[in-house]
Amino acid sequence: MEQLHQKRVVVIGSGPAGLTSAIYAGRAELDTTVIAGFQPGGQLTITSEVENYPGFAEGIQGPELMENMRRQAERFGAKFVDDNVTAVDFSGPVHKIFVEDQLYEADAVVIATGASALWLNVPGEQRLRGRGISGCATCDGFFFRGKEIAIVGGGDSALEEALYLTRFASKVTLLHRSAKLRASRIMQERVLNHPKIEVRYETTIEEALGENKLEALRLRNTRTSAGRGEISQFALEGLFVAIGHRPNTDLFKGWLEMNEQGYLIVEGETGTKIPGVFVAGDVFDYRYRQAITAAGSGCKAALDAEKYLEQLVERPIERQTVRLVLEQNDTLLAV
Ligand code: NDP
């Protein structure tokens, strides 16, 4: 038996998309709960300075920006649950969201679960994360002043971070598994013409070496020796991993449509094929992936949810009848 909580709006996720949805839904006086996850705040909480979020002329620390957004949502009545959703059930007119033994029923749901950085999953990587291996150049680049470092990946993220890291590092080696870079032409030109950056193609990382801090990488050049590759050791002090992201959508498999990479497919601006289920931020937007675009889509999703709920009042679903009984008791046991 689950403990039941009934809400008008449940927002899943607490990055800029989820929190902006909560600000708008709360301010529209909708009973709103944010299921914020184990690590509330999303990717910006592992960023240091955010310089391109409008309104902060001198920049703002990522965690501070997220804390401000959360307090703003709370000011408009949004409640927070710092836990992960364990399952959803979108089969009925009322949407069910499970958090262990707690059941949240909502008339409208905003999914803003974002995306997570991918890791190489090679020996040594996990152990040396935070000890020379990082997934965030803007957070950790500063620690590598005057040092020799590498970055892995061939997309726009890796190239952008490689350029950023030249501010600090004495040399940046870009390690790319393929023979061609995937990034946009302009980024390629900048990287290939940069005196501090060397690109090594057709190179994979086999292992990260070092006891308490990264000391070297074991590399394989896949072009040589009939594809089996020549192994070499590369001494360095830092490795940045920028090989893309994976959307956090496992929970929604079987309920919502996704593309091949698992990003949710939207209908219109923020809708899905299930009435009352909306999406916002990096969970569907693999193109822009910015705090400001995520916040913008969070706003749109909340406004769309509000419109949807207005229609529900005009055409009540069976939930409205159930609610009359349940309203006498804020929390009831589900049957
Ligand atoms: P991408 O998916 O574009 O690139 C990922 C890169 O990592 C690819 O080069 C891929 O290699 C490599 N890679 C993937 N898995 C592994 C692995 N296991 N081992 C080694 N290498 C691996 O991701 P990005 O994060 O770079 O970009 C995502 C989107 O965001 C893109 O559309 C990009 O254009 C956009 N973006 C735009 C920016 C801008 O305009 N300023 C900035 C950053 C991102 P391979 O090529 O061989 O598949």
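What you see is a predicted model; the values in this text were computed from it and never measured. Note that ligands are numbered from 1 as they come in the structure, with each ligand's atoms numbered from 1 the same way.
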ask   = To the nearest 0.1 Å, how far is atom 23 (O) of ligand 1 from its closest protein heavy atom, and which atom is that?
value = Gly244 CA, 3.7 Å
ask   = In the protein, which heavy atom is nearest to atom 41 (N) of ligand 1, and how far is it?
value = Glu160 OE1, 2.8 Å
remark   = for atom 28 (C) of ligand 1, nearest protein heavy atom and its distance come out as Arg289 NH2, 3.6 Å
key: Partner residues of Lys171 under the salt bridge (Lys or Arg N to Asp or Glu O under 4.0 Å) criterion, sequence neighbours left out   = Glu198
ask   = Which atoms from ligand 1 have a heavy atom of Gly154 less than 4.0 Å away?
value = 6 (C), 7 (O), 8 (C), 9 (O)
key: NZ/NE/NH1/NH2 to OD/OE distance under 4.0 Å, Lys7 and Asp31   = yes
query = Side-chain donor-acceptor pair under 3.5 Å between His5 and Gln102, yes or no?
reply = yes
query = How far is atom 16 (C) of ligand 1 from its nearest protein heavy atom, and which residue and atom name does that atom have?
reply = Arg177 NH1, 3.3 Å
key: Test item, His176 contacting ligand 1 (heavy atom, 4.0 angstrom)   = yes
query = Just which atoms of ligand 1 are under 4.0 Å from any heavy atom in Tyr286?
reply = 29 (C), 30 (O)
query = Quick one: does Thr113's side chain have a donor or acceptor within less than 3.5 Å of a partner on Asn248's backbone?
reply = yes
query = When you measure from atom 38 (C) of ligand 1 to every protein heavy atom, which one gives the shortest distance, and what is it?
reply = Asp156 CB, 3.7 Å
Minimum-distance protein heavy atom relative to atom 46 (O) of ligand 1 = Arg182 NE, 3.1 Å
task = Check the surroundings of atom CZ in Phe76: do more than 12 heavy atoms from other residues, nucleotides or ligands lie under 6.0 Å from it?
result = yes
Top protein contact for atom 35 (C) of ligand 1, by heavy-atom distance = Arg287 O, 4.0 Å
ask   = Any N or O of Lys180 that comes nearer than 3.5 Å to an N or O of ligand 1?
value = no
task = Report the nearest protein non-hydrogen atom to atom 7 (O) of ligand 1: residue, atom name, distance rounded to 0.1 Å.
result = Ile243 CA, 3.3 Å
request  = Might you check, step by step, whether the distance between atom 30 (O) of ligand 1 and some protein heavy atom is under 4.0 Å?
outcome  = yes
task = Number the atoms of ligand 1 from 1 as they appear, then name those within less than 4.0 Å of a heavy atom of Ser157, with their elements.
result = 24 (P), 25 (O), 26 (O), 27 (O), 43 (C), 44 (C)
key: Residue part near ligand 1, for Thr204, under 4.0 Å between non-hydrogen atoms   = neither
key: Check: Asn121 main-chain N/O paired with Glu125 side-chain donor or acceptor under 3.5 Å   = yes
ask   = With a cut-off of 6.0 Å (strictly less than), are more than 12 heavy atoms of other residues, nucleotides or ligands near OH of Tyr24?
value = no
request  = Answer yes or no: does atom CZ of Arg27 have more than 12 heavy-atom neighbours from other residues, nucleotides or ligands under 6.0 Å?
outcome  = no
query = Checking Glu306 side chain against Asp304 main chain: does a donor-acceptor pair fall under 3.5 Å?
reply = no
task = For the pair Arg70 and Asp82, find out whether any cationic side-chain nitrogen is under 4.0 Å from an anionic carboxylate oxygen.
result = yes
